[in-house]
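Structure, as structure tokens:
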Amino acid sequence: MQLTQSGHDSSPVWSPDGKTLAFLSSRTGESQVYLLSMEGGEAHALTKLSTGADIVKWSPDGKMIAFTSSVYPDCKDDDCNKKRDEEKEKNKVKAHVAEHLLYRHWTHWNESKRSHLFVIPVDGSAAQFDLTRGGDYDVPPDERGGPADINFSPDGKEICFTAVIDKMEAISTNGDLFIVPVAGGDAKRITTQPGFDGNPVYSPDGKFIAYHAQLTAGYEADRWRVMLYDRAAGRIENLTETFDRSAEELGVVAGQQDDLLHGGKTRRRSRSMRWRRALARNRNKLSPTLTIPRFLSARTGRRWF
């Protein structure tokens, strides 16, 4: 069944209750977050930013949506960003001016903007809010990050994300995890090792954050380990140092408080692995489960697909 017909829609994400579909659409120009009720009616735009929107994430209770938008770090509102873009468009000088590294990443120029993390109430009762306002870094990291590098806590009051804050970003392979209150406030860095930390996943009770990490600075082909951050103690544990495969996409096994699911590649095929960490007995056990290239958790909490 076809749900939209604009020809400019992408990145659909179901709400936790499965009654609403959030997606990105550039049907009116810049990409914006749209909502479509499964109970009927037309899709409507939730965001109206001059800088557009990218990467959509629902809060667990379905009341908030997090998204990213590329803005000028020193701009405090959308009017400032819009004015800056208009001035740039009217400027007869079209030469690219680079004042610092990193000025180009693969196929695109970095035009003095940064991808910032925003939140907005689904009911439209308040305007979007920039959680990383003033930050001279991208969320997620440009070219090295993606949707999995942004996640809500189970109570929806906090978001964990990956960012690179190294002064010389052009030669860095680092990336650290940060947590920030959804209500606003300073972002707190929770990892400091020199390799890349990403794909944060909260445990169902919110006490732990699992993530994957490369531990060697400057080594982009390093093996990914599964790490566990104890939020109360501030302690980090390496769960898979003795496992000779890279841990890829992480997930939580629905209904299992101590189970993690991650992708791992063998020589011939990708596999999904279940990592059981019995916290009370301080024992770890790794066992292969399904032979699938990718996995997602069903919202019902009854199956994986």
Legend entry - Pair Tyr229-Leu177, side chain to side chain contact (heavy atoms under 4.5 Å, CB included): steps then yes or no: CA-CA 10 Å; Tyr229 173 72; Leu177 293 183; over 6 Å; no
Legend entry - Sidechain N-carboxylate O distance under 4.0 Å for Lys113, Asp85: yes
Inset, instruction - Over 60° means perpendicular and under 30° means parallel, so classify the ring planes of His116 and Tyr137, tilted if in between. - result: tilted
Legend entry - Residues, nucleotides or ligands: over 12 heavy atoms within 6.0 Å of Glu87 CD: yes
Inset, instruction - Anything under 30° is parallel, anything over 60° is perpendicular, the rest tilted; go ahead and classify Phe118 against Phe67. - result: parallel
Inset, instruction - Using a strict cut-off of less than 4.0 Å between a Lys/Arg side-chain nitrogen and an Asp/Glu carboxylate oxygen, indicate whether Arg27 and Glu42 qualify as a salt bridge. - result: no
Legend entry - Distance (rounded to the nearest 0.5 Å) between Asp54 CG and Leu49 CG: 12.0 Å
Legend entry - Polar side-chain atom of Asp230 near backbone of Ala232 as donor-acceptor pair, under 3.5 Å: yes
Legend entry - Positive for side chain to side chain contact (heavy atoms under 4.5 Å, CB included) with Arg114, one of Asp138, Thr68, Val71: Asp138
Legend entry - Ile236 side, atom CD1; Ile190 side, atom CD1 - distance, nearest 0.5 Å: 7.0 Å
Inset, instruction - Count the heavy atoms of every other residue, nucleotide or ligand shown that sit under 6.0 Å from CG of Asn91, and state whether that count exceeds 12. - result: yes
Inset, instruction - State the CH2-CZ distance between Trp14 and Phe23, to the nearest 0.5 angstrom. - result: 11.0 Å
Inset, instruction - Count the heavy atoms of every other residue, nucleotide or ligand shown that sit under 6.0 Å from NZ of Lys90, and state whether that count exceeds 12. - result: no
Inset, instruction - Quick one: do Asp205 and Ser203 satisfy side-chain hydrogen bond (donor to acceptor under 3.5 Å, both in side chains)? Show the steps, please. - result: CA-CA 5 Å; Asp205 60 9; Ser203 61; 2.6 Å; yes
Legend entry - Modelled atom types, side-chain donor and acceptor of Asn81 and Thr51, under 3.5 Å: no
Legend entry - Considering all heavy atoms, the nearest Leu24-Ile55 contact: CD1-N, 4.0 Å
Inset, instruction - State whether a side-chain donor-acceptor pair under 3.5 Å links Asp17 with Ser15. - result: yes
Legend entry - Basic-acidic side-chain contact under 4.0 Å: Glu30, Lys82: no
Legend entry - Parallel, tilted or perpendicular: rings of His105 and His108 (30°, 60°): parallel
Inset, instruction - State the CG-CD distance between Leu102 and Glu169, to the nearest 0.5 angstrom. - result: 5.5 Å
Legend entry - Nearest atoms (heavy-atom pairs only) where Pro181 meets Leu131: O-CD2, 3.5 Å
Inset, instruction - Enter the distance from Arg223:CZ to Gln214:CD here, rounded to the nearest 0.5 Å. - result: 10.5 Å
